[in-house]
There are 2 protein chains.
Amino acid sequence: MTVNEALDHAERIITERGVGALTVAEIARAMGMRPPSLYKYFSSLHGVYDELFARGNKRLVSHVDDATQSYQPGLDRLLESTRAIMRWSILNPGLASLLFWRPIPGFQPRAETHAIAETMVQRSRADLSVAAQKGSLAPNADSDEVFRLFTAISAGLCSQQLANEPQATYETGLFTSLTDEALDMFVQRYAPSPS
Amino acid sequence: MTVNEALDHAERIITERGVGALTVAEIARAMGMRPPSLYKYFSSLHGVYDELFARGNKRLVSHVDDATQSYQPGLDRLLESTRAIMRWSILNPGLASLLFWRPIPGFQPRAETHAIAETMVQRSRADLSVAAQKGSLAPNADSDEVFRLFTAISAGLCSQQLANEPQATYETGLFTSLTDEALDMFVQRYAPSPS
DNA sequence: GTCTATATGTTGATAGAC
DNA sequence: GTCTATCAACATATAGAC
């Protein structure tokens with residue numbers, strides 16, 4: 001489909017040159033079209049960003065699903081989901097920064113688009129609850145505050161990696177290579193008391 | 001000075017509408033000028049970003065210095081510097097995102113500008129060493145890896161706060177209010193063994 | 001339906017008049 | 001110092017060929 005071709009080019013552009021470097025004219029050039037022709041497929045440049053946002057969300061959810069298929073709800077799935085999100089973000093820096101930051105002035109994804117990722121977030125939130133109920137973590141770990149802290153830790157490693165050493169891999173990156181240490185720090189912090 | 005007036009307007013614009021919303025024409029409008037006139041003061045729009053970057057760095061360093069003046073090198077100063085950086089970032093979201101992320105395609109601050117902030121980072125790195133030597137932290141905490149993990153934690157809380165709830169204060173923010181919990185988690189993780 | 005041609009308004013930037 | 005004039009590239013929009 002032509003729309004998907006255009007999105008492929010758009011994705012390549014933001015990956016190579018940054019989210020803010022995307023223009024309608026640039027996509028049109030890559031497709032051998034005139035810029036106005038693209039307005040039959042997208043309502044505006046913001047519309048392209050919206051489709052990219054939706055595409056990124058779906059791809060990320062698929063990637064996390066694949067990585068955690070053999071897992072049961074609980075702590076292990078929570079941790080592996082996080083690793084999967086970080087690996088995907090390093091491999092897709094353009095889409096990742098569109099998903100996790102607000103790099104485009106005035107761009108807000110449609111609420112419906114936002115909901116795609118929300119299910120994944122809620123599953124991780126539920127994994128945290130299960131972990132606390134199973135005794136993998138302390139009972140007080142089952143809270144929105146602890147969950148926000150957990151997400152902020154991985155988001156911090158990820159954004160620092162993308163900002164400071166964007167060409168590195170997940171395994172070798174100065175920040176992403178600290179992921180397991182950070183996850184262990186979190187798990188130890190909220191470990192159940194040995195009473 | 002006219003340059004500083006222009007930078008005041010530029011700073012207001014990126015604070016109100018985001019780093020990517022800054023244009024030469026917008027600054028000129030705010031000053032009652034025509035856009036070409038501004039090119040007597042700045043070599044380009046990237047030049048404006050460069051001055052904003054330098055200004056943000058100087059202000060942040062001053063703010064951290066003020067907040068830690070009564071502290072000796074060591075763990076307490078490291079923690080209070082971090083709180084100061086986060087408070088300043090929430091109060092100056094435009095400048096902060098310019099300093100800590102790479103939101104402008106193609107914009108890289110001059111090396112000289114970058115060096116201003118480097119002294120502050122090095123001081124915090126030294127505080128981590130002192131903390132380990134004094135026994136406030138374990139000896140193995142004195143490493144670049146642990147320091148990167150430390151900075152990533154606060155950067156994560158900060159960027160999540162700015163991206164998801166930008167209008168909140170440091171004290172009440174859903175993420176920044178977790179700062180002391182996160183710092184304590186870090187300190188406990190690298191606490192000296194009770195041997 | 002899909003595209004081209006064309007038009008408007010805005011942007012970053014330069015040259016040169018006053 | 002500030003302006004006008006000017007340019008190329010941009011987002012956006014509409015009219016109309018095929």
Is it true that A/Glu11 and A/Arg59 make a salt bridge, defined as a side-chain N closer than 4.0 Å to a carboxylate O?
yes
Grab the CD-P distance between A/Glu5 and C/dT2 for me, whole Å please.
13 Å
Of the candidates D/dT12, C/dG12, C/dT2, the side chain of A/Tyr39 sits closest to D/dT12
Treating Ile, Leu, Val, Met, Phe, Trp and Tyr as nodes and any side-chain heavy-atom pair under 4.5 angstrom as an edge, say whether A/Val130 and A/Phe147 lie in one connected cluster.
no
Atom CD1 of B/Ile104 to atom P of C/dT11: distance rounded to whole Å?
15 Å
Scan residues 27-37 of chain B against DNA chain C and write down, sorted by residue number, each residue with any heavy atom closer than 4.0 Å; if none is found, say none.
B/Arg29, B/Pro36
So does B/Thr2 get a side-chain nitrogen or oxygen closer than 4.0 Å to the phosphate oxygens (OP1/OP2) of D/dG1?
no
Salt bridge (Lys or Arg N to Asp or Glu O under 4.0 Å) for A/Glu171 and A/Arg87? Distances and angles first, verdict last.
CA-CA 9 Å; A/Glu171 281 76 18; A/Arg87 277 193 299 264; 5.5 Å; no
So, using side chain to side chain contact (heavy atoms under 4.5 Å, CB included) as the criterion, who are the partners of B/Asp180 when residues are at least two apart?
B/Arg83, B/Leu183
B/Arg55 and B/Glu51 ion-paired at < 4.0 Å
no
In whole Å, I'd like the distance from the CG atom of B/Leu38 to the P atom of C/dA13.
11 Å
Which is more 5' along DNA chain D, the nucleotide nearest A/Lys40 or the one nearest A/Val24? Just name the residue.
A/Val24
May I ask you to say whether A/Asp127 pairs ionically with A/Lys134, meaning some side-chain N is under 4.0 Å from a carboxylate O?
no
Atom NE2 of A/His46 to atom C1' of D/dC10: distance rounded to whole Å?
15 Å
Rounded off to whole Å, could you give me the OH-to-P distance for the B/Tyr41 and D/dG1 pair?
5 Å
